[in-house]
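Note that the numbering runs from 1 along the sequence shown for the chain.
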Amino acid sequence: MSATSCFNEEPFTPGTLLEGDSGRVFEIEEILSDRRNPLLCVFRARSETVKYIVKNMIQGELKDQMELQKLVSSCPNVRPVVDTNREFELFIYPFLIGDLLQFSQRKLSTEARKDILRSALHIKPNNILIDYEEGTNGDTVVKGVQISDLEVTVIIPPKKYLKTRSHQNQESDIFSFGIVMIYVMLNEMGFLVRNDQLKAEDSWRYILRRHLSYFADEDGFNGFLQHIGEENPFYERVIALANDFDPETSRQSFEARGDIDPIFKDLFIKMMRLDPALRNMAWDALGHPWLNT
């Protein structure tokens, strides 16, 4: 079956043949992500014996996205576009076996985990793709680590933020990556709450309480309040939650834990300060002793 019309309203079905602008032919094997309105699907495809990922682009953005690809085409830790289909506005990428969320559950050495985190600092774990193979003696050999989804990347200048439901900027990215580091190195999902708490009308209470419990210190707490401002509806809520700790429900500070490598703890604590102005940035983290030993 061959694709015949531009901008399909439905995803390509398995068996569809697509010709890349290079002349290479790709056969759709599986729909990995089915997203409509707009149509932004992800497919696994094959050309001869090699697997690929095919992704719909937002209509009209292919040219701009190609310019962005040129800027990072020489970066070994970014998954590059290897072909395009301008007729349907498709990007075609190499296929990597898994992502960090899956891969971190394997038996890996501390050095292997460090290398992965160093390669992908600043990125969500399901956007960190890993190509690997099983060794003959049962070990896992990492062949490559690359970040994906560059087409939904936003370049935010210093001191600026992306205005969504919250202000997203480099400081918030660093905090998020600190959570990833805890998951990868300690196998802990620090902010995971019970399902009934997650579905509660005030679910924010349970999650925010853990932020305060794990990472609040006096300077960070006061700086965070100043950062959000008194007009923010969470200003009084944060204060009330902080006053809610008592001897029976005391804080469980990560900084006070003795079961964590102190050098690693020093790194992620600095990345997860409540006050964004006090957080390490990516360049600070990359120069930290834990990532360089």
Could you walk me through whether Arg257 and Glu188 pass salt bridge (charged side-chain N to carboxylate O under 4.0 Å, His left out), step by step?
-> CA-CA 14 Å; Arg257 286 179 52 171; Glu188 295 182 18; 2.9 Å; yes

Given the rule that I, L, V, M, F, W and Y join up when any side-chain heavy atoms are under 4.5 Å apart, are [X] and [Y] in one cluster?
X      : Y      : value
Ile260 : Ile179 : yes
Phe264 : Tyr214 : yes
Trp283 : Phe175 : yes

Aromatic plane relationship, Phe268 with Phe254 - under 30° parallel, 30 to 60° tilted, over 60° perpendicular | perpendicular

Classify the ring geometry between Phe88 and Phe12 as parallel (under 30°), tilted (30 to 60°) or perpendicular (over 60°).
-> perpendicular

Using residues 26-42 as the side-chain source, report each donor-acceptor pair under 3.5 Å to any protein atom, sequence neighbours left out, with the distance given to one decimal.
unit_1 : atom_1 : unit_2 : atom_2 : d
Glu29  : OE1    : Arg44  : NE     : 3.2
Glu29  : OE2    : Arg46  : NE     : 2.8
Glu30  : OE1    : Arg44  : NH1    : 2.3
Asp34  : OD1    : Arg36  : NE     : 2.5
Asp34  : OD1    : Arg36  : NH2    : 3.4
Asp34  : OD2    : Arg36  : NH2    : 3.0
Arg36  : NH1    : Glu10  : OE1    : 2.8

Which distance, rounded to the nearest 0.5 Å, do you find between the CZ of Arg24 and the CD of Glu19?
-> 11.5 Å

When rounded to the nearest 0.5 angstrom, what is the spacing between CE in Met271 and CE in Met281?
->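 If we round to the nearest 0.5 Å, Met271:CE and Met281:CE are 8.5 Å apart.
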
Going by heavy atoms in the side chains, are Leu198 and Ile207 under 4.5 Å from each other?
-> yes

Would you call Phe234 and Leu208 a side-chain contact if the rule is heavy atoms closer than 4.5 Å?
->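 Phe234 vs Leu208: side chains touch.
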
With Leu278 via side chain to side chain contact (heavy atoms under 4.5 Å, CB included) - residues at least two apart | Asp219, Arg273, Asp275

Does Thr84 use its side chain to pair, donor to acceptor, with the backbone of Arg86 at less than 3.5 Å?
-> no

Take atom CD in Gln197; do more than 12 heavy atoms of anything else shown fall under 6.0 Å from it?
-> yes

Salt bridge check: are Arg209 and Asp244 linked by an N-O gap of less than 4.0 Å?
->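 A salt bridge links Arg209 with Asp244.
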
